[in-house]
Amino acid sequence: MSTYRLETRGLSKIFPGVVALNNVSIGFGSGEVHGIVGENGAGKSTLIMTLAGQYKPDEGEIRIDGEKIVFKNAQEAQANGISVVFQELSLVPNLSIAENIFTNNQPMTKLGMVDWKKLWKMGEELLQSLQLDLNPHTPVQMLSSAKQQLVEILKAVSLKPRVLVLDEPTSSMTEIEIEKLFSLIRQLKDEGCTIIYISHHLKEILALCDTVSILKDGCHVCDAKVEDIDENFLISKMVGRTVDNIYGVRHSGRIVPDEPILRLENLSCMGKFHNVNLNVYEGQITTLSGLVGSGRTEVCQCIFGLEQPFEGKIYYQGKERIIKNPQDAITLGISYMTEDRKNEGLYLHESIAFNLSANRLRTLSKFGFIREADNQKLAENIIKKYNVSCRGPQQTVETLSGGNQQKVMLAEWVEIMPKLLIVDEPTRGIDVGAKSEIYNNLHALANQGMAILVVSSDLLEVLNISDKIVVMNTGTVAGVLDAAEATEESVLRLSAGTLQANQQKVGVI
Amino acid sequence: MSKTKLLDGVKKVTNQREFFIIALVAVVYIVAGSFNENFLSKGNQLALLMSVATLLVLGVGVTPLMIAGCFDMSIASILALSGGLASSAAISGWPTWACIALGLTAGALMGAFNGFFVSYGEMPAFVVTLATKNMFRGLLLAVTQGHSLVGFPANYTAIGQSQILGIQLPILFAAFFVIIGAMLLKRLRFFRQCFFIGGNEKAAKLSGIRVKRTKFLLYVFLGIMAGFAGIITTARYGSCMTTTGENMELSVITGTIIGGASMSGGSGSIVGMFFGVLLMTSVTNIMNLFGADIFWQTFIEGIALFGAICLDQVTKMNRNRSVRREAEALLRKQR
């Protein structure tokens, strides 16, 4: 049996409410570029974090050259030759390129002082090896984000790793930087380094990698040699779960009004999105699809008054509106359920009743006093109506499963009876049963005539619950599809675009 | 069945943070009372309450602010400066109600100054109030040239020195504020918002709670309470010194934390604050009665605070562990 450079065996990781990794075994050979693909929430990030020593696996083990190894922390992973470049940059903006590159292994003189001469020289050499025309003394904050990303990668490379993990390294790069990165990767590969490459851009995966592993819902679906497969194969494996009817059905036949309840006209927000035109109708589910970072959430937050548009107009119920803050939006009958349940949505240490009262303190109170009994009754009704499995209204929400937490959050925003309901990733990281209940809720609300705007990265969800699909790409609307005509392929094509097209649009911003 | 229900009920009570501190105070009272009969005497207890009265008035303002996750280092300086303004107005012959109005307004304005920069200016609360702590007391120092203000009219000193049914007025004021505060903190919408802001500020903003305005008003409220504390302190001692109330902010904050407030916000109560302050002061009082070395007092206060933080940490870790256990059990069942 051949030994892999790096290998995971039966790796599992559980978070409250979700199995992030489920019995994942993958082998990474030396001198191999190994791609990992999967939808959002498939477990890619968790896998990387575990390899980087940031998470401890609940089950399973990691082996290096056949030997079992347990990382207590990130330093130990690094000491064992695993260097990870995360999507978030970890550079110190006001320090120079060379100082940033050698943060973790500064050259020292015999007296234990930093050997500056050597530092600048080594920095210069590394930059030249990438044919980057940069001065190692330049502060990192002067660089474009694409160049910063390259510096971040050089920082990992400078440690001379045996395994280099790159998470979405090209997200802000143009063709020129991508070309440089690819040649660096091929050079490292020739030197025998193992490279693990995570990307949403399937074309990059196919162009660069030798082997691809596909993850879905925390499970390892399969491995494939790149020469044997094409993009369609990857997509079908990424989304290929059985589509029994968890998505529910809508009683169509409701007449859609001519006038949209919400109309965005050339809405732009500095550095976030630009020239967005969008119509949302009552009684319909409109979905904003696209890659993470394509500006979907930002558009919703702008409608909800969390961001002010730089240009363009928001028409709501036929009138132009200026929505200054969430209070304004709520008063107008707009609800927004955040994608980040834990950090922005719920008060985790507090009870279900407390959480449900958050956006209706005014209606729950009389002469400025909260009516505790009403709050309690409200919570009891919602628990029954939404089938929240819990011990009672006083149970703290952090002890609920992800699906039940999501139901509480959805109920909080639905039960104030908005006219326009915006839900951002309504089913992220929750189990199938809860998903199905949430879809049924959304259909019922649309039937009652509520306008619903959904942001979703889950392709099947997008295709199965929407009336209309609006695909965003790099900050603007790439296309609008009628749900009846849309296919996975047409949505993916619009959202991923070609590298060329992406670049031109980045140039516009 | 009824037994488990009873057990649940007992658990619910004992899980409350206030329970620990009340139990602790009870133990201290029983032990101290059985060793020294003077401790439980009416005279000693009134003296003890008198010494915490000002702290409690401040505490009623500090508690909601800390629940909202904010912080104020300048309260003792607000106390001194507004007390100084009110008492000097009394010296120059203003009627007593006007002196009180001046003291409270001054306190409100200083609170508004802190609140404006912390909340609308988004500056760090600790640094802003550290600066204003010196600004406000420095102003008193500069204007008085370091001299004490004395010779207040009897009408003014009456606020701090007169008695009703043998109980001094400051104790009654403190009792009034503590009782009203304890009743309103969870019920009044304005104060209830503090729990949302301190619990999760981002979520509170998304829920349509006016986070900035609420924080600003909390500073104003605290300023008014500190202004009132300044009036009763100067009236009680019949003088206003440049050192009046110095370091009081630390005692109040310590007492509030011992009573269950966390520095990161989201928890705390007026009842807890009351017993927290009482615990610290009664320990000092007992040490006096037993003739213990008074120089250990600061050390004991430090130990009390440290113990409170440790208790909170243990509770938090236990909670995290049980949340995780519950989640894992649920998921293994699903698999």
Side-chain angles (χ1 to χ4, degrees), chain A residues 12 14-19 22-23 58 301 304-306 325-331 335-338 340-350 354-355 357-362 364-372 375 389 394 396 398-402 404 409 412-413 416 431-433, chain B residues 4 8-9 11-12 15-17 67 69 183-214 217 262 264-268 312 315-316 318-335:
Chain A
S12 289
I14 299 170
F15 293 112
V18 70
V19 184
N22 194 348
N23 198 18
D58 290 318
Q301 293 191 338
F304 197 60
L306 284 162
N325 49 37
Q327 296 89 288
D328 284 359
I330 292 171
T331 316
S335 273
Y336 170 69
M337 185 179 89
T338 170
D340 192 346
R341 186 167 69 223
K342 294 212 159 74
N343 293 317
E344 295 181 352
L346 293 171
Y347 307 86
L348 287 174
H349 300 328
E350 302 287 349
F354 181 95
N355 273 277
S357 71
N359 58 5
R360 53 165 72 213
L361 286 177
R362 199 168 288 273
L364 266 182
S365 53
K366 204 171 188 180
F367 309 120
F369 287 91
I370 306 278
R371 286 173 301 179
E372 205 59 60
N375 190 2
S389 49
Q394 292 310 320
T396 50
E398 68 181 338
T399 60
L400 300 175
S401 73
N404 284 305
M409 194 164 73
E412 179 192 344
W413 289 106
I416 59 170
D431 59 278
V432 178
Chain B
T4 55
D8 272 0
K11 244 188 182 167
K12 212 169 169 185
N15 272 341
Q16 297 276 327
R17 181 63 162 73
I67 292 172
M183 284 191 338
L184 294 189
L185 188 67
K186 285 222 157 170
R187 293 203 181 89
L188 203 61
R189 194 178 82 229
F190 176 73
F191 287 129
R192 174 85 146 222
Q193 289 177 341
C194 304
F195 289 92
F196 289 91
I197 296 170
N200 187 344
E201 190 168 327
K202 280 185 196 157
K205 192 178 170 199
L206 286 175
S207 302
I209 290 169
R210 290 173 201 271
V211 174
K212 287 185 178 172
R213 192 176 71 167
T214 307
L217 289 175
S262 103
S264 51
S267 63
D312 280 347
T315 326
K316 203 161 102 191
N318 273 337
R319 194 174 57 194
N320 285 347
R321 217 169 293 147
S322 72
V323 166
R324 193 168 166 85
R325 256 202 308 272
E326 233 171 281
E328 273 173 24
L330 200 78
L331 283 161
R332 297 215 192 279
K333 215 165 61 189
Q334 275 176 17
R335 273 211 230 168

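Letters A, B, ... are given to chains in the order of the sequence lines, protein chains preceding strands, and every chain is numbered from 1.
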Interface residue of largest heavy-atom contact number with chain A, from Arg210(B), Lys205(B), Gln193(B), under 4.5 Å: Arg210(B)
Reported OG-to-CD1 distance for the pair Ser365(A) and Ile370(A), which is rounded to 0.5 angstrom: 5.0 Å
Side-chain heavy atoms of Phe369(A) within contact of Leu184(B), under 4.5 Å: yes
Segment of Arg187(B) engaging chain A (4.5 angstrom heavy-atom cut-off): both
Heavy-atom contact with chain B under 4.5 Å, split by part of Arg371(A): neither
Interface moiety of Tyr336(A) toward chain B, non-hydrogen atoms closer than 4.5 Å: side chain
Contact leader toward chain B among Gln327(A), Met337(A), His349(A), where contacts are heavy-atom pairs under 4.5 Å: Gln327(A)
Contact origin within Asp58(A) toward chain B - heavy atom pairs under 4.5 Å: side chain
Segment of Leu346(A) engaging chain B (4.5 angstrom heavy-atom cut-off): backbone
Interatomic spacing from OG1 in Thr338(A) to NZ in Lys202(B) - rounded to 0.5 Å: 9.0 Å
Toward chain B, the part of Glu372(A) with a non-hydrogen atom under 4.5 Å: side chain
Which atoms of Phe195(B) approach chain A - backbone, side chain, both or neither, heavy atom under 4.5 Å: both
Asn359(A) side chain reached by Leu206(B) side chain, heavy atoms, under 4.5 Å: no
Between CD on residue Glu398(A) and CG on residue Leu400(A), distance to nearest 0.5 Å: 9.5 Å
Pairs of heavy atoms under 4.5 Å with chain B: top-ranked of Glu350(A), Arg360(A), Arg362(A): Arg362(A)
Inter-residue atom distance Ser207(B).OG - Leu361(A).CG, 0.5 Å rounding: 8.0 Å
Chain B contact via Glu412(A) - which portion, at a heavy-atom distance below 4.5 Å: side chain
Region of Phe304(A) in contact with chain B, defined by heavy-atom distances below 4.5 Å: side chain
Spacing of OG1 belonging to Thr214(B) relative to CD1 belonging to Ile197(B), to within rounding of 0.5 Å: 4.0 Å
Ile330(A) portion near chain B, given a 4.5 angstrom heavy-atom threshold: side chain
Shortest non-hydrogen separation from Asn23(A) to Ser12(A) and the atoms involved: N-OG, 2.9 Å
Test item: Asn200(B) and Leu348(A) side chains (from C-beta on) under 4.5 Å apart, heavy atoms: no
